[in-house]
Amino acid sequence: MKEIFYQASLPRAGSTLLQNILGQNPDFYVTPTSGVLELVFGARANFDNSPEFKAQDSEEMVSGFRAFCSEGVKGFFNAITDKPYVVDKSRGWGVYYDFLSFYQKNPKVICMVRDLRDVFSSMEKQHRKAQKTSNGIANDNEMEGTTTAKRVDMWANSQPVGLALDRLQQVLLENSPVLFVRYEDLTKNPQAELDKIYEYLGVPNHKHNFKEVKQITKEDDSVYGGAGDHTIRGDVKALPSDYDEVLGEQTAENIKRAYPWFYETFGYN
């Protein structure tokens with residue numbers, strides 16, 4: 001019996017790193033950014049809107065749809081891997097925990113978080129590295145996205161960061177049983193954080209090699225635009241924050257003031 005777990009993390013918060021660490025465990029199959037959530041969402045939209053389902057016994061149809069989602073997801077991964085555990089990565093799993101619970105009993109969702117100043121700093125650094133292509137962020141004619149402060153404001157009110165923060169706030173409001181892992185804790189004491197993850201998932205622990213993490217997940221980052229980057233370093237270690245230098249002290253301070261709920265909830269000083 002295959003057991004499927006989920007990861008729904010903030011962008012630029014170590015989700016790809018965690019997937020590849022977990023992938024060292026020979027019993028785990030880990031995905032890059034996955035489209036499985038979109039498959040079950042597409043099925044839900046058709047189930048809700050198709051007159052053929054509406055015209056039949058509603059209890060029977062709901063029971064059938066539940067089995068369709070459950071067995072469909074299992075079938076997807078059974079065709080890909082014979083490993084007993086799967087960790088599917090998609091940012092939407094956390095906020096749709098109730099829908100996930102509709103067809104899977106007691107689902108387990110991991111969410112990586114990170115100091116938002118470092119999240120935006122990482123976004124800005126990726127933007128600066130991607131200047132050889134036009135990613136549509138900076139618009140000189142409209143004077144949009146032309147400065148770091150303006151770009152931070154754009155990311156805070158759009159995908160991926162703004163939407164991820166909206167979803168995170170809703171997950172906290174609904175008190176969903178999600179396991180939160182701080183990126184800073186993972187890089188400072190990785191085995192302790194992995195111990196917590198294994199305990200939460202309810203599976204046997206594994207001794208990981210944090211000095212040599214091989215890249216298992218593969219993604220074509222050009223699909224996500226010039227600022228996408230799902231390549232990991234080969235080792236796990238804490239790096240100093242550089243948000244004051246990259247964003248400027250005023251912009252960094254504005255970020256902290258704009259999200260008091262985040263800094264209070266996750267204990268960032």
Side-chain angles (χ1 to χ4, degrees), residues 1-9 13-44 63-113 171 176-183 185-186 189-219 230-232 234-236:
M1 295 293 292
K2 195 177 300 299
E3 194 164 1
I4 303 171
F5 307 119
Y6 305 90
Q7 193 196 152
S9 300
S15 61
T16 302
L17 174 62
L18 178 59
Q19 288 293 90
N20 284 277
I21 293 173
L22 289 170
Q24 290 182 336
N25 188 326
D27 289 334
F28 273 69
Y29 175 84
V30 296
T31 74
T33 306
S34 169
V36 170
L37 174 62
E38 306 306 322
L39 292 179
V40 291
F41 260 37
R44 187 179 73 166
S63 179
F65 176 59
R66 178 184 291 110
F68 180 90
C69 292
S70 176
E71 298 306 314
V73 172
K74 290 178 183 177
F76 181 92
F77 286 112
N78 281 334
I80 293 174
T81 179
D82 58 0
K83 295 184 178 183
Y85 303 119
V86 171
V87 183
D88 186 81
K89 189 185 85 163
S90 176
R91 294 194 185 104
W93 287 122
V95 77
Y96 295 113
Y97 189 89
D98 286 344
F99 175 55
L100 184 54
S101 300
F102 163 72
Y103 64 85
Q104 181 172 331
K105 185 178 180 181
N106 299 324
K108 302 293 180 67
V109 180
I110 303 165
C111 178
M112 295 282 298
V113 297
V171 168
S176 299
V178 171
L179 176 66
F180 295 104
V181 178
R182 300 199 323 175
Y183 171 82
D185 296 334
L186 178 67
N189 196 347
Q191 189 61 57
E193 296 306 304
L194 266 294
D195 292 345
K196 294 177 186 177
I197 290 172
Y198 283 118
E199 182 179 3
Y200 170 73
L201 298 180
V203 301
N205 210 324
H206 181 78
K207 186 68 174 178
H208 290 272
N209 178 5
F210 301 108
K211 294 183 178 180
E212 188 178 355
V213 181
K214 295 181 179 179
Q215 181 102 34
I216 300 170
T217 61
K218 304 294 182 183
E219 299 189 49
H230 293 89
T231 304
I232 64 168
D235 59 343
V236 182

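All values derive from a computational prediction rather than experimental measurement.
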Smallest separation among heavy atoms of A43 and F68, with atom names: CB-CE2, 3.8 Å
If you count the non-hydrogen atoms of other residues, nucleotides and ligands that lie under 6.0 Å from NZ in K218, is the total more than 12? yes
Under 4.5 Å between any side-chain heavy atoms of Y29 and V87, yes or no? no
Enter the distance from Q104:CD to F99:CZ here, rounded to the nearest 0.5 Å. 11.5 Å
Using a strict 4.0 Å threshold on nitrogen-to-oxygen distance, state whether K196 and E199 make a salt bridge. no
Do Y85 and N25 meet the criterion of a side-chain donor-acceptor pair at a distance under 3.5 Å? no
Note, V30 side chain near K89 side chain (heavy atom, < 4.5 Å): no
Under the side-chain contact (heavy atoms from CB on, under 4.5 Å) criterion, do T31 and T217 qualify, and how do the steps go? CA-CA 6 Å; T31 74; T217 61; over 6 Å; no
State whether the side chain of S176 and the backbone N or O of V178 hold a donor-acceptor pair below 3.5 Å, judged by distance alone. no
Hey, could you give me the CG/OG distance between L39 and S34, rounded to the nearest 0.5 Å? 7.5 Å
Side-chain donor or acceptor of Q24 paired with backbone N/O of N209 under 3.5 Å: yes
Hey, does R91 have a side-chain heavy atom less than 4.5 Å from the side chain of W93? no
Heavy-atom check, side chain of V113 versus side chain of V181, under 4.5 Å: no
Answer yes or no: is there a donor N or O on one side and an acceptor on the other, between the side chain of H208 and the main chain of L194, under 3.5 Å? no
Test the R44-F65 pair against the cation-pi criterion, namely NZ or CZ under 6.0 angstrom from the six-membered ring centroid and within 45° of the ring axis. no
Ignoring hydrogens and geometry, is there a side-chain-to-backbone donor-acceptor pair from N20 to T16 under 3.5 Å? yes
Check: N189/E193 side-chain N/O donor and acceptor closer than 3.5 Å: no
Q7 (side chain) donor-acceptor with M112 (main chain) under 3.5 angstrom: no
Determine whether F41 and Y96 satisfy the following criterion, side-chain contact (heavy atoms from CB on, under 4.5 Å), listing intermediate values before the conclusion. CA-CA 10 Å; F41 260 37; Y96 295 113; 3.4 Å; yes
Side-chain touch V171/Y97, heavy atoms, less than 4.5 angstrom: no
Closest approach of L186 to V236 (non-hydrogen atoms, all atoms of both residues): O-CG1, 3.8 Å
Between the main-chain N or O of F210 and the side-chain N or O of D235, is there a donor-acceptor pair closer than 3.5 Å? no
Would you indicate whether the side-chain heavy atoms of L201 and F28 approach each other to under 4.5 Å? yes
Taking Q19 for the side chain and P32 for the main chain, is one N or O donor matched with an acceptor at less than 3.5 Å? no
N/O donor-acceptor pair under 3.5 Å between K2 side chain and K83 backbone: yes
Would you mind reporting whether Y103 and V40 have side-chain heavy atoms less than 4.5 Å apart? yes
Would Y183 and L18 count as a side-chain contact (heavy atoms from CB on, under 4.5 Å) if you check the C-alpha gap in whole Å, the side-chain angles of each, and the deciding distance to 0.1 Å? CA-CA 9 Å; Y183 171 82; L18 178 59; over 6 Å; no
Side-chain touch V109/L179, heavy atoms, less than 4.5 angstrom: no
Distance, nearest 0.5 Å, that separates CG of N78 from CD of E71: 9.0 Å
Between S90 and L37, which heavy-atom pair has the shortest distance, and what is it? OG-CD2, 3.6 Å
Verify side-chain contact (heavy atoms from CB on, under 4.5 Å) between Y6 and L100, making sure each step is shown before the conclusion. CA-CA 10 Å; Y6 305 90; L100 184 54; 3.6 Å; yes
Where do C111 and A8 come nearest, in terms of heavy atoms and distance? SG-O, 3.1 Å
Point-to-point distance, once rounded to the nearest 0.5 Å, from CG of D195 to CG of N205: 4.5 Å
Closest heavy-atom contact between S9 and S15? CB-CB, 3.8 Å
Within the distance-only criterion (no hydrogens, no angle test), does the side chain of R66 pair as donor or acceptor with the backbone N or O of F102 below 3.5 angstrom? yes
